[in-house]
Amino acid sequence: MREVMLMAWQFVRRNGYTMAEALKCAWANFKLRKAMTNKIVRFYFQKVDGSIREAFGTLAANIVPQTNGSERKSNDTVQTYFDTEKQAWRCYKKANLVRIAI
């Protein structure tokens, strides 16, 4: 619950969402990440150019390749996932999540 509320307030401050919109988007992001830890999930998000992208992603340990860590700073505004179509790591802005098709 704490994680969802922090994400919702971030959407309100950075993206100008109302609290209702922010909570809806935060819960969708939370449910998506939880579902991706177990299986491949189909979801849709809005790209920076405005088009809608359909993605098949996962975070399941038995599917994603071994990683050696990174020196990159973490960014709390984006969600990374392993794209099973491209066989590569991708990310999307959490505020741009449109729909989850579980």
Which atom pairs, donor and acceptor, lie under 3.5 Å between side-chain atoms of residues 45-52 and protein residues at least two apart or in another chain?
{"from": "Asp49", "atom 1": "OD1", "to": "Ser51", "atom 2": "N", "distance (Å)": "3.0"}
{"from": "Asp49", "atom 1": "OD1", "to": "Ser51", "atom 2": "OG", "distance (Å)": "2.8"}

(message) What's the separation between atom CZ in Arg90 and atom CD in Gln87, rounded to the nearest 0.5 Å?
(response) 10.5 Å

Show the atom names and distances, to 0.1 Å, of all donor-acceptor pairs under 3.5 Å that link a side chain in residues 1-9 to residues at least two apart or in another chain.
{"from": "Glu3", "atom 1": "OE1", "to": "Arg33", "atom 2": "NH2", "distance (Å)": "3.3"}
{"from": "Glu3", "atom 1": "OE2", "to": "Arg33", "atom 2": "NH1", "distance (Å)": "2.8"}
{"from": "Glu3", "atom 1": "OE2", "to": "Arg33", "atom 2": "NH2", "distance (Å)": "2.3"}

(request) Please name all residues satisfying side-chain contact (heavy atoms from CB on, under 4.5 Å) with Gln66, sequence neighbours left out, ordered by chain then number. (result) none

(request) Output the distance between atom CG (Leu32) and atom NZ (Lys94), rounded to the nearest 0.5 Å. (result) 10.5 Å

(request) Would you check if Thr77 and Phe11 make a side-chain contact, meaning some heavy-atom pair closer than 4.5 Å? (result) no

(request) Identify the two heavy atoms, one from Leu59 and one from Gln79, that lie closest to each other, and give their separation to 0.1 Å. (result) CD1-NE2, 3.9 Å

(request) Kindly state each residue pair satisfying side chain to side chain donor-acceptor pair (under 3.5 Å) with at least one member in residues 54-65, sequence neighbours excluded. (result) Tyr44-Glu54

(message) Ignoring hydrogens, what is the shortest heavy-atom contact between Ala95 and Tyr17? Give both atom names and the distance.
(response) O-OH, 2.6 Å

(request) Verify the cluster assignment for Trp89 and Val41: are they in a single hydrophobic cluster under the rule of side-chain heavy atoms below 4.5 Å apart? (result) yes

(request) State yes or no: do Phe82 and Ile100 share one hydrophobic cluster built from I, L, V, M, F, W and Y residues joined by side-chain heavy-atom distances below 4.5 Å, directly or via other members? (result) yes

(message) Just verifying a value: how many Å separate Phe43 CZ and Tyr81 OH, rounded to the nearest 0.5 Å?
(response) 4.5 Å

(message) How long is the straight-line distance from CG of Asn75 back to NZ of Lys93, given to the nearest 0.5 Å?
(response) 9.5 Å

(request) Check which hydrophobic residues are tied to Phe56 through side-chain heavy-atom contacts below 4.5 Å, counting indirect links as well, and list them. (result) Ile40, Ile63

(request) Mind checking side-chain contact (heavy atoms from CB on, under 4.5 Å) for Ser74 and listing every partner two or more places apart, or none if nothing turns up? (result) none

